[in-house]
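Note sheet for the following structure.
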Amino acid sequence: MDHWSICLLFVALLGTILRTGGVELAFELPENAKQCFFQDIEKNVTAVLEFQVVTGGQYDVDVILLAPTNEIIYKQIKTQFDSHQFVASVGGTYQACFSNEFSTFSHKLVYMDFRVGDQSSFNGLGEHVTALTQMETSAQEIHQNLNSILDYQTHHRLREVQGRKRAEDLNRGVLLWSLTETVTILIIFVGQVYVLKTFFTERKP
């Protein structure tokens, strides 16, 4: 596992601090490969599938979301990032599949967040029949704000990792181009010296 995988794994682990429903992770998607993830969702429960290709190739991937009845809920072709919210029409196991089968050489790193249920509600507050007290209301607001902060931090880290990777790729390309230009200039210099030397060399009759 390279350092990019470790960075994204750290981001995914941070997402489990405040969230209890769904799954959040970063995974490697090799060339000509396809990976599927399964999540049990009850009927009439809201879920959100969010993903982003962090490194590799053109930063794109094929995504398809299937219901337990094999109905296609969501489908994207060669997409860099997106978010899709839906309400489960039937209860059962939903699957989200990511495909890199169209790529022959590009090994990619993908971040996925599959959230299930209302992440903004604080556990236990909904069980009260009476009105919420001021402390309970404040606790719920703090919980919602912490979830929002966590989302901002996660997306900021993703952009940071992606930007750093692109900067390193650009730096590597500039270095290779500079080396190529240097070698070319040296070859031209040696060639010119050799040609000039032949002009002043006395030829035997």
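Each residue takes its place number in the sequence, starting with 1.
The number of heavy atoms from other shown groups lying within 6.0 Å of CD (Gln95) is above 12. Other residues, nucleotides and ligands place more than 12 heavy atoms under 6.0 Å from the CZ atom of Phe37. No more than 12 heavy-atom neighbours from other residues, nucleotides or ligands sit within 6.0 angstrom of CD on Gln58.
Between the side chain of Lys108 and the main chain of Asp60, a donor-acceptor pair closer than 3.5 Å is present.
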Practice item. Any chance you could lay out the salt bridge (charged side-chain N to carboxylate O under 4.0 Å, His left out) test for Lys75 and Asp62, step after step, and finish with the verdict? Key: CA-CA 8 Å; Lys75 183 178 181 180; Asp62 294 342; over 6 Å; no

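A search for ring pair (Phe, Tyr, Trp, His ring centres under 6.0 Å) contacts involving Phe98 returns Phe27, Phe51, not counting sequence neighbours. Residues meeting the ring pair (Phe, Tyr, Trp, His ring centres under 6.0 Å) test with Phe38, sequence neighbours left out: none.
Closest heavy-atom contact between Ile73 and Leu66: CD1-C, 4.4 Å. Of all heavy-atom pairs between Ser83 and Val48, the closest is OG-CG1, 3.6 Å. Considering all non-hydrogen atoms of both residues, Ala96 and Phe114 come closest at CB-CE1, 4.3 Å. Scanning both residues, Gly91 and Pro68, for their nearest heavy atoms gives O-CG, 4.2 Å. Asn100 and Ser106 make their closest contact through ND2-O, 2.9 Å (heavy atoms, listed as atom of the first residue, atom of the second, distance). In this structure, Ser103 and Asn32 approach most closely via the heavy-atom pair O-OD1, 2.9 Å.
Among residues at least two apart or in separate chains, there is no ring pair (Phe, Tyr, Trp, His ring centres under 6.0 Å) pair with a member in residues 168-198.
Here CD of Glu71 is found 6.0 Å from OG of Ser89. Values are rounded to the nearest 0.5 Å. Rounding to the nearest 0.5 angstrom, the gap separating the CZ atom in Phe102 from the CD atom in Glu31 is 12.0 Å. Between the CG atom of Leu176 and the CG atom of Asn171 there is a distance of 9.5 Å, given to the nearest 0.5 Å. For the atom pair CG (Leu175) and CD (Glu168), the distance works out to 12.5 Å, reported to the nearest 0.5 Å. With values rounded to the nearest 0.5 angstrom, Gln76 atom CD is found 4.0 Å from Tyr74 atom OH. Taking CD of Gln39 as the start and CG of Leu65 as the end, the distance is 11.0 Å to the nearest 0.5 Å.
In the model, Glu50 has no side-chain atom that pairs as donor or acceptor with a side-chain atom of Tyr111 under 3.5 Å.
A side chain to side chain contact (heavy atoms under 4.5 Å, CB included) with Ser99 is found for one member of Lys34, Lys78, Gln35 and no other, namely Lys34.
Using a 4.5 Å heavy-atom threshold, the side chains of Ile185 and Ile188 count as separate. Two residues are said to be in side-chain contact when any heavy atoms from C-beta on lie closer than 4.5 Å; Thr79 and Val63 fail this criterion. Using a 4.5 Å heavy-atom threshold, the side chains of Val53 and Leu109 count as separate. Two residues are said to be in side-chain contact when any heavy atoms from C-beta on lie closer than 4.5 Å; Leu49 and Met112 meet this criterion.
When hydrophobic clusters are built by joining Ile, Leu, Val, Met, Phe, Trp and Tyr residues whose side-chain heavy atoms come closer than 4.5 Å, directly or via intermediates, Phe81 is not grouped with Val110. In the hydrophobic clustering of ILVMFWY residues, with side-chain heavy atoms under 4.5 Å counting as a link, Val90 and Ile41 come out together.
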